[in-house]
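One structure is given here, and the rest of the page talks about it.
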Amino acid sequence: MARSLVSVLDVVPTGLVEIAGRAGELLRSDRVLPTLTGLQFAGLFLEASTRTRLAFESAAKRLGAGFSLVEQKSSSISKGESFRDTLETIRATGFDAVIIRSPWSGLPLQLRSWSDLAIVNGGDGSREHPTQAIGDVILMASHFKRDLALRDAFDGLAVAIVGDVKHSRVARSLATLVDRLRGEVRLVGPPGMLADPRAFGPRVSATEDMASGVAGVDAVYMLRVQRERLAQGEWASLNSYQERYQLNRERLAESGGVQLVMHPGPVNRGVELTDEIFADHRFVAPRQVEVGAATRMAVLEWITERL
Ligand code: CP
């Protein structure tokens with residue numbers, strides 16, 4: 001029986017340790033054994049993606065499995081076939097698991113309730129993006145030399161998550177996971193883009209003030225302004241956003257001891273980050289993609305119980 005991964009809470013605490021251990025091995029290894037030979041994964045991508053889709057597709061193929069992409073516009077969903085019938089078609093064709101990217105919050109949970117197929121959430125609306133957050137936590141643990149097997153692995157670490165928190169599935173998954181590991185999380189953004197910190201855990205707070213929000217934190221996690229999800233009036237203007245929340249060299253210097261600047265991608269260059277941040281040695285977005293690729297390989301092994 002395969003396992004699903006719909007929320008970060010599905011891997012806390014044991015799965016996270018297993019996935020992190022395996023991702024670490026894969027990152028250190030030049031040779032990857034085809035541990036998933038004979039398996040077939042379907043990527044049901046109902047919303048645009050570059051990183052998540054490529055990471056899962058290459059993960060499946062590098063491990064010896066097949067990967068088929070089902071996109072909304074080129075599948076029978078565009079002819080009116082329901083998601084439930086689409087899922088049943090994928091199962092009956094002989095696929096072992098579905099990776100779903102959806103603009104609708106909750107669709108992965110719904111799929112899981114309809115089928116015995118393993119479901120992996122590749123990002124659903126504004127709800128969760130668990131595999132992104134798991135990879136990012138693995139990177140942070142490696143950088144700060146924290147043992148994810150410990151209940152309080154992130155005790156004493158502080159992470160500021162800055163920007164469009166309200167619409168960010170990554171922010172939800174990451175804040176929940178860091179809080180579970182006993183780390184401190186500060187959500188920073190304008191009132192129309194913040195979320196109630198109590199929804200994530202007791203160590204999560206929120207502020208509209210960028211300077212105090214990032215002061216003394218160990219990692220700054222910048223979010224993309226999701227213009228496609230913002231209703232009119234949810235933010236005052238691009239100019240005032242950049243003035244108050246854009247990360248630039250001066251702000252980074254003022255923040256104190258920040259060691260990592262992270263961003264899940266894609267970046268709106270010049271909106272949430274300036275170009276000079278890309279050149280800073282603390283900016284690790286490319287490393288997030290590398291760790292994310294290894295994490296997706298470990299996730300596919302974990303859901304199919306071959307880890
Ligand atoms: N971070 C992330 O999910 O990127 P994509 O939308 O390109 O997959």
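Throughout, residue positions are numbered sequentially from 1 according to the sequence presented. All of these numbers come straight from a predicted model, not from anything done at the bench. Order of appearance sets the numbers: ligands from 1, and atoms from 1 within every ligand.
In summary, the aromatic rings of Phe41 and Phe67 are positioned with their centroids too far apart to meet the 6.0 Å limit.
In this structure, the side chain of Arg186 does not engage the main chain of Glu184 through any donor-acceptor pair within 3.5 Å. Looking only at distances, a side-chain donor or acceptor of Arg101 sits under 3.5 Å from a matching main-chain atom of Gly122. No donor-acceptor distance shorter than 3.5 angstrom exists from the side chain of Asn248 to the backbone of Thr274, with no hydrogens or angles considered.
Under the 4.0 Å criterion applied to side-chain N and carboxylate O atoms, Glu272 and Arg224 are not assigned as salt-bridge partners.
A donor-acceptor contact under 3.5 angstrom links the side chains of Asp209 and Ser212, judged on distance only.
Sorted by chain and number, the heavy-atom contacts of ligand 1 below 4.0 Å come from Ser49, Thr50, Arg51, Thr52, Arg101, His129, Gln132, Pro264, Gly265.
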